[in-house]
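Report on one structure; see the data block that follows.
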Amino acid sequence: KKDAALLGLELVTEPINNSEDFQLGFKKLSGKIDAFWVLNDPIIYTLNNMDWLENRCLREKLLCVGQSKNLAIKGMVLTVNPDNNQIAAQASAITKNILSHTQKTSNLEVMAPLGTQLLVNRKTAQHIGLTLSPQALSIATSVIDQ
């Protein structure tokens, strides 16, 4: 929430304890949010919930963000897909450099995670009335037009 505030955003959360509560949690947030960010969590990532979410976001013309290439292909406007193996290798290399004393922790900077993909579904964006800037499209790993 602090990081979102630094960007001028307010992060509104709704705890969900089981997959059956997902739709109710979404409905509690509906009307209070400008975008819906679904976390990659096995409790909520069910086929039923993701199908329902896709239809609901389209109907409400709500920007939905997720973490699966399949969700972008299915119709979610934006997905960020981390490559956990690449990120682990990157973290290992940094750790190795620190332990071998070739790199000081005080000199470390934030690094973009390796292998992460950003997918944008332009068709869905158009459907919900979202105009995508050329800059947003240029940083996308893949733009889906179907």
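A chain of hydrophobic side-chain contacts below 4.5 Å, direct or via other Ile, Leu, Val, Met, Phe, Trp or Tyr residues, connects Val120 to Val65. The hydrophobic clustering, which links ILVMFWY residues whose side-chain heavy atoms are closer than 4.5 Å, places Leu53 and Leu63 apart. Linking Ile, Leu, Val, Met, Phe, Trp and Tyr residues whenever their side-chain heavy atoms come within less than 4.5 Å leaves Leu9 and Leu118 in two separate clusters. In this structure, Leu62 is not a member of the same hydrophobic cluster as Val77, with clusters built from ILVMFWY side-chain heavy atoms closer than 4.5 Å. A single hydrophobic cluster is not seen to contain both Phe36 and Leu11; linkage of ILVMFWY side chains at heavy-atom distances under 4.5 Å, directly or through other members, places them apart.
Asp41 is not listed as a side-chain neighbour of Ile16, based on a closest heavy-atom distance of 4.5 Å or more. Between Thr116 and Val80, some side-chain heavy-atom pair lies under the 4.5 Å cut-off. Side chains of Leu114 and Asp83 form no contact here, defined as non-hydrogen atoms less than 4.5 Å apart. Looking at Phe22 and Met50, their side chains come closer than 4.5 Å, going by heavy atoms from C-beta outward. A heavy-atom distance below 4.5 Å is not found between the side chains of Ile139 and Gln135. Within the 4.5 Å cutoff, the side chain of Ile98 has no heavy atoms near those of the Thr95 side chain. Here the side chains of Leu47 and Trp52 are not in contact, with every heavy-atom distance at 4.5 Å or above. Two residues are said to be in side-chain contact when any heavy atoms from C-beta on lie closer than 4.5 Å; Leu78 and Asn121 fail this criterion.
Distance CD1/Ile144 to NZ/Lys74: 12.5 Å, rounded to 0.5 Å. Rounded to the nearest 0.5 Å, atoms OG1 (Thr141) and NZ (Lys69) are 10.0 Å apart. Atoms CG and CD1, on Asn17 and Ile44 in that order, are 11.5 Å from each other to the nearest 0.5 Å. In this structure, Glu14 CD and Asp21 CG are separated by 9.0 Å, a value rounded to the nearest 0.5 Å.
Among all heavy-atom pairs drawn from Val38 and Gln67, the shortest one is O-OE1, 4.2 Å. Closest approach of Tyr45 to Leu39, counting heavy atoms only: CE1-O, 3.0 Å.
Between Asp145 and Arg122 there is a salt bridge, with a side-chain nitrogen of the basic residue lying less than 4.0 Å from a carboxylate oxygen of the acidic one.
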- request: Let me see the working for Gln126 and Thr131 under side chain to side chain contact (heavy atoms under 4.5 Å, CB included), right down to the final yes or no.
  value: CA-CA 7 Å; Gln126 290 170 342; Thr131 303; over 6 Å; no
Notebook entry, point to check: Can you check side chain to side chain contact (heavy atoms under 4.5 Å, CB included) on Asn48 and Gln23, steps first, answer last?
Noted result: CA-CA 10 Å; Asn48 184 44; Gln23 294 178 21; 4.0 Å; yes
- After noting the C-alpha distance and the side-chain angles of Thr124 and Leu58, does the key distance pass the side chain to side chain contact (heavy atoms under 4.5 Å, CB included) rule? CA-CA 8 Å; Thr124 302; Leu58 288 172; 3.6 Å; yes
Stepwise side chain to side chain contact (heavy atoms under 4.5 Å, CB included) test for Lys1 and Glu10
CA-CA 7 Å; Lys1 286 186 174 188; Glu10 178 186 1; over 6 Å; no
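Thr79 places no side-chain N or O within donor-acceptor distance of the main-chain N or O of Asn81, the cut-off being under 3.5 Å. Judged by distance alone, with hydrogens and angles left aside, the side-chain atoms of Ser142 form no donor-acceptor pair with the main-chain N or O of Leu119 at under 3.5 Å.
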Please list every donor-acceptor pair under 3.5 Å in which a side-chain atom of residues 26-35 meets a protein atom from a residue at least two apart or in another chain.
unit_1: Ser30; atom_1: OG; unit_2: Glu60; atom_2: OE1; d: 2.9
unit_1: Ser30; atom_1: OG; unit_2: Glu60; atom_2: OE2; d: 3.3
unit_1: Lys32; atom_1: NZ; unit_2: Lys28; atom_2: O; d: 3.4

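Within the structure, disulfide (SG to SG under 2.5 Å) contacts touching residues 18-77 (residues at least two apart or in different chains) are Cys57-Cys64.
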